[in-house]
Amino acid sequence: GGRTRSTARRAHDVDARAAALPVPGRAARRRRAGGREPENAMSQMPIDRVPFLRLLGLQQLPSEAGRSRLWLPELKDEFCNMLQAAHGGVLMTLLDVAMARAATSRAEAPTHTVVTVQMSSHFAKPGIGPLTAAGRVLAAGGSLCTCEGKVLDAGGDLVAHATGTFKYWRGTGGGVD
């Protein structure tokens with residue numbers, strides 16, 4: 001056992017103002033589908049089906065369609081850099097998964113599996129302690145989806161920000177995104 005930095009605090013809403021915004025076109029989609037969500041709005045596969053995400057201890061929090069919220073409650077020494085902060089690879093994983101989960105949560109997503117086509121990341125400060133990540137869809141088509149993600153520390157300060165483009169995967173992939 002390595003030393004860990006964790007708290008019993010529950011994850012805070014990483015972007016309450018953005019989360020409160022309505023999802024454009026949702027009412028029209030429901031009208032076209034007879035008042036219910038379209039069939040492809042099935043729930044996502046559990047995040048812990050991905051072994052690497054299970055190893056990290058990443059948890060998904062409730063969010064609306066086209067958005068995602070993740071929580072990394074414990075930052076283990078094995079996932080830290082020499083500054084005792086989250087390794088850049090861990091931060092990029094949080095950003096990538098937050099954006100991918102937002103893309104696959106869209107009611108009209110053609111599949112619930114995506115592959116990252118492009119990702120641009122920016123690091124603002126070291127990520128210490130519990131971290132939250134949020135993703136949201138910026139634009140989407142039938143095969144590609146552009147998203148934005150951010151990682152915040154327990155104090156709500158921005159740790160990292162990214163934009164990314166994801167391709168909906170129509171091949172076999174086990175339904176995991």
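In what follows, every heavy atom counts, from backbone to side chain, and hydrogens, waters and symmetry copies are set aside.
Leu75 has its side chain within reach of Leu72: a pair of non-hydrogen atoms, C-beta onward, lies under 4.5 Å apart. Side-chain contact between Val97 and Leu70 is present, with heavy atoms from C-beta onward closer than 4.5 Å. With a 4.5 Å cut-off on side-chain heavy atoms, His87 and Phe79 do not count as touching. Within the 4.5 Å cutoff, the side chain of Arg67 has no heavy atoms near those of the Ser105 side chain. Contact annotation: the side chain of Leu53 approaches that of Thr93 to within less than 4.5 Å [non-hydrogen atoms, C-beta and beyond]. Counting heavy atoms from C-beta outward, Leu152 and Asp157 have side chains that stay 4.5 Å or more apart. The shortest side-chain heavy-atom distance between Thr113 and Thr104 does not fall under the 4.5 Å cut-off. Contact annotation: the side chain of Val137 approaches that of Arg106 to within less than 4.5 Å [non-hydrogen atoms, C-beta and beyond].
When the side chain to side chain contact (heavy atoms under 4.5 Å, CB included) test is applied to Thr163, the partners found at least two apart in sequence or on another chain are Ser120, His161.
Going from atom CG of Leu55 over to atom CD of Glu78 covers 8.5 Å, rounded to the nearest 0.5 Å. In this structure, Thr165 OG1 and Met119 CE are separated by 11.5 Å, a value rounded to the nearest 0.5 Å. In this structure, CG in Asp48 is found 10.0 Å from CG in Leu58, a value given to the nearest 0.5 Å. Interatomic distance, SG of Cys147 versus CG of Leu95, reported as 11.5 Å (0.5 Å rounding). The distance from atom OG of Ser68 to atom CE of Met99, rounded to the nearest 0.5 Å, is 9.5 Å. Note that CD of Gln59 and OG1 of Thr132 are 12.0 Å apart. Values are rounded to the nearest 0.5 Å.
Between the side chains of Arg69 and Gln60, no donor N or O sits under 3.5 Å from an acceptor N or O.
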Please test Val114 against Lys167 for side chain to side chain contact (heavy atoms under 4.5 Å, CB included), starting from the C-alpha separation and ending with a verdict. CA-CA 5 Å; Val114 294; Lys167 181 163 181 53; over 6 Å; no
List the steps, then state whether side chain to side chain contact (heavy atoms under 4.5 Å, CB included) holds for Ser143 with Arg170. CA-CA 9 Å; Ser143 62; Arg170 289 179 171 83; 4.1 Å; yes
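When hydrophobic side chains of Ile, Leu, Val, Met, Phe, Trp and Tyr are connected at separations under 4.5 Å, Leu144 ends up clustered with Val117.
A pairwise comparison of heavy atoms in Leu131 and Trp71 identifies O-CD1, 3.3 Å as the closest pair. The minimum heavy-atom distance linking Val151 with Ala133 is given by the pair CG2-CB, 4.2 Å.
Judged purely by atom type and a 3.5 angstrom limit, Tyr168 uses its side chain to pair as donor or acceptor with the backbone of Ala103. Ser121 contributes no side-chain N or O that, together with a main-chain N or O of Met92, makes up a donor-acceptor pair within less than 3.5 Å.
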